[in-house]
Amino acid sequence: TWTVRLREGITFSDGTPLTADSMKEILEWWSSIEEIAVFNAEILYLESVEVIDDLTFRYTTFEPVINSPDYAFNFIWALPMQIWGKVDPAEIFAYEFDPPVGTGPYVLTEQTPGSHMIFDAREDYYRGKPPIDRIVYTVFSNPDALNNAILAGEIDLTLPFLPPDSYEVLSADPNITIEEKNPGDTYNLAFNMSPAGTTHPAIKDPAIREAIDYAIDKEQIVEVVFLGHGVTCPSNWACGPNFEGEVNPDLAMTPFDLEKANQILEEAGYVDADGDGVREGADGLPLEFRLTYITDFPLALTTSEMIANWLSEIGIAVEIEGVDWGTWYDVVTNQRDFDMTIDVALGNIDPVSMDYWHSCWAADAGGYSTSGYCNEEMDALVYEYWFSADEQARWVPMFEAQRMLHEDRPFVILAGPYQIQAYRNDRFEFPADTCYDGFGIFTPQGLLDASVK
């Protein structure tokens with residue numbers, strides 16, 4: 001059971017007040033539509049909502065969902081029921097919510113797909129009008145154009161997705177401040193574990209995945225691909241100091257050891273019988289794997305080439321193929337037609353994430369699991385943690401679930417690149433601590449506390 005008190009004076013951008021009664025209506029409507037309820041455990045498991053007073057409500061779930069304050073509260077949104085309550089649930093994914101109505105400090109006033117969006121500050125925002133009157137969010141096709149724009153003063157702030165070479169380019173200008181924070185996403189090498197689709201049968205062999213893990217020099221990937229602007233990760237789950245104390249302390253990154261990798265393959269029966277430099281399995285199939293990467297992530301090509309070179313040292317041939325994001329999503333999650341792929345994924349210990357990306361239900365065709373990995377025992381452990389009210393005891397199943405994922409290796413974390421963001425300090429001053437958030441300064445925590453020069 002969670003009791004939530006709303007701030008006084010919150011209104012939607014159309015002037016409608018947000019009250020505890022509004023939130024009760026929102027939560028009950030949301031939970032009644034399975035297609036959207038499944039995206040949030042609190043709503044999927046919602047048992048009741050009680051209004052305490054105008055600004056206070058209490059909701060109860062029929063399982064003790066324990067991670068609400070840390071994660072899920074960010075994703076239980078105040079939806080305008082004066083709009084969504086009139087939409088046929090059968091049409092909910094097709095409804096054009098334009099212009100969007102929300103409770104935030106800005107409203108979207110103009111948009112051109114693929115070009116820009118304009119947000120104007122709300123005069124009636126409950127915390128006062130934001131210090132920045134207007135935000136023009138511009139889409140850039142490549143990092144060089146983005147770098148040139150901020151250097152020339154055409155833009156004032158970037159999102160925290162700058163590539164590492166931008167750090168050196170932008171940090172030389174005294175009018176630009178660079179913020180570099182702990183990793184948000186991770187670069188992974190995912191293996192096709194799905195029983196559906198098409199993959200080389202050897203990929204399913206744990207010995208193959210273990211040997212590949214030993215054959216990859218993660219420290220060199222951090223230094224060469226990310227120019228030192230990143231970290232290696234202690235396990236194949238969460239990455240970075242954000243999660244200190246929440247990752248199984250007994251897990252350690254697999255060291256780079258080509259001799260060990262070759263030994264594993266030899267002992268598993270993979271030998272180069274014809275002397276062409278590529279090992280074969282007992283079925284006679286050569287270890288020739290396809291490695292797919294997303295062209296939208298330029299660093300993935302360099303990463304793929306480095307992996308291919310290392311694997312050639314242990315008798316595995318790699319064919320690299322680059323595809324755009326849309327094609328990648330279809331090939332990987334729908335068709336399951338790949339052997340290995342470079343994946344950029346969220347890395348945190350939230351059980352929602354573990355369930356959302358790596359559970360058996362996520363492994364179904366069209367699911368969100370890149371690898372298509374399914375381990376029902378691990379799923380049960382994640383739920384045991386998720387639904388345990390005992391703060392100490394619940395870490396036992398969570399650490400065991402992390403160990404399973406680490407040792408099964410449906411994917412291998414290659415590196416955790418830092419979040420790099422830049423802004424013009426001759427025009428604005430932004431707070432450095434905007435909390436752990438994927439958009440960094442470009443959030444209410446950053447924008448509302450900005451100083452305009």
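Throughout, numbering of the chain's residues begins at 1 and tracks the sequence.
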Check whether any side-chain heavy atom of Gln419 sits under 4.5 Å from a side-chain heavy atom of His229, and report yes or no. no
Assess, by modelled atom type and distance only, whether the side chains of Tyr270 and Asp205 contain a donor and an acceptor separated by less than 3.5 Å. yes
Counting C-beta onward and ignoring hydrogens, is there a side-chain heavy-atom pair between Val222 and Glu219 closer than 4.5 Å? no
Separation of Glu407 CD from Thr254 OG1 (nearest 0.5 Å): 9.5 Å
Nearest 0.5 angstrom please: Tyr59 OH to Glu47 CD, how far? 13.0 Å
Which atom of Ser13 lies closest to which atom of Val107, heavy atoms considered: CB-CG1, 3.3 Å
For Ile155 and Leu146, what are the C-alpha separation, side-chain angles and deciding distance, and is it a side-chain contact (heavy atoms from CB on, under 4.5 Å)? CA-CA 9 Å; Ile155 63 172; Leu146 180 59; 3.4 Å; yes
Going by heavy atoms in the side chains, are Glu280 and Leu287 under 4.5 Å from each other? no
Pair Trp361-Asp355, side-chain contact (heavy atoms from CB on, under 4.5 Å): steps then yes or no: CA-CA 8 Å; Trp361 72 262; Asp355 177 59; 3.0 Å; yes
Given 3.5 Å as the limit, does a donor-acceptor pair link the side chain of Ser312 with the main chain of Asn309, or not? yes
Hey, are the side chains of Phe289 and Glu319 touching, using non-hydrogen atoms and a 4.5 Å cut-off? no
Any donor-acceptor pair under 3.5 Å linking the side-chain atoms of Gln263 with those of Glu267? yes
Taking atom types as modelled, is there a side-chain donor on Tyr95 or Asp88 under 3.5 Å from an acceptor on the other? no
Sub-4.5 Å side-chain heavy-atom contact between Thr103 and Trp77: no
Taking atom types as modelled and ignoring hydrogens, do the side chains of Glu63 and Thr61 form a donor-acceptor contact shorter than 3.5 angstrom? no
Taking all non-hydrogen atoms of both residues into account, name the closest pair between Gln421 and Thr158 and its distance. NE2-O, 2.8 Å
Quick one, Asn188 and Val412 - any side-chain contact, counting heavy atoms below 4.5 Å? no
For the pair Tyr329 and Trp325, name the ring-plane relationship: parallel under 30°, tilted 30 to 60°, perpendicular over 60°. parallel
Do you see a donor-acceptor pair shorter than 3.5 Å between the side chains of Asp296 and Trp328? no
List the steps, then state whether ring pair (Phe, Tyr, Trp, His ring centres under 6.0 Å) holds for His358 with Tyr368. CA-CA 8 Å; His358 305 298; Tyr368 299 96; over 10 Å; no
What's the verdict on side-chain contact (heavy atoms from CB on, under 4.5 Å) for Leu27 and Ile76, showing C-alpha distance, side-chain angles and the deciding distance? CA-CA 9 Å; Leu27 292 174; Ile76 298 180; 3.7 Å; yes
Over all atoms of both residues, closest heavy-atom pair of Met306 and Val225: SD-CG2, 3.5 Å
Is the count of non-hydrogen atoms from other residues, nucleotides or ligands lying under 6.0 Å from Gln335 atom CD greater than 12? yes
So which atom in Ile92 and which in Val87 form the shortest heavy-atom distance, rounded to 0.1 Å? CA-CG1, 4.2 Å
So which atom in Glu246 and which in Gln402 form the shortest heavy-atom distance, rounded to 0.1 Å? O-NE2, 3.1 Å
Kindly indicate whether the side chain of Pro183, heavy atoms from C-beta on, has any atom under 4.5 Å from the side chain of Val231. yes
Which residue, Arg209, Lys204, Arg290, forms the salt bridge (charged side-chain N to carboxylate O under 4.0 Å, His left out) with Asp339? Arg290
Would you check if the distance from the ring center of Phe226 to the ring center of Tyr187 is below 6.0 Å? yes
From OH (Tyr293) to CG (Leu299), nearest 0.5 Å: 11.5 Å
Check the pair Phe387, Ile66 against side-chain contact (heavy atoms from CB on, under 4.5 Å), reporting the backbone distance first and the verdict last. CA-CA 6 Å; Phe387 301 140; Ile66 55 85; over 6 Å; no
How close do Asp185 and Pro417 get, counting heavy atoms only, and between which atoms? O-CD, 3.6 Å
When you compare the side chains of Ser359 and Asp379, does any donor N or O come within less than 3.5 Å of an acceptor on the partner? no
Heavy-atom side-chain contact between Phe338 and Thr199 under 4.5 Å: no
Rounded to the nearest 0.5 angstrom, the NE2-CZ distance for His406 and Phe411 is 10.5 Å
Ionic contact status for Asp213 with Arg409, cut-off 4.0 Å: yes
With the threshold set at 4.0 Å, does a side-chain nitrogen-carboxylate oxygen contact exist between Asp364 and Arg336? no
Could you check whether the rings of Tyr137 and Phe442 sit parallel, tilted or perpendicular, using 30° and 60° as the cut-offs? tilted
Distance, nearest 0.5 Å, that separates CG of Leu311 from CG of Leu291: 8.5 Å
If the test is side chain to side chain contact (heavy atoms under 4.5 Å, CB included), which one of Asn192, Ile342, Asp343 qualifies with Thr370? Asp343
Out of curiosity, Ser171 OG to Glu180 CD, how far, rounded to the nearest 0.5 Å? 9.5 Å
If only side-chain N and O atoms count, and only distance matters, is there a donor-acceptor pair under 3.5 Å linking Tyr373 with Asp408? yes
Using 30° and 60° as the class limits, which term best fits the ring planes of Trp386 and Tyr383: parallel, tilted or perpendicular? parallel
Parallel, tilted or perpendicular: ring planes of Trp29 versus Trp84, cut at 30 and 60 degrees: tilted
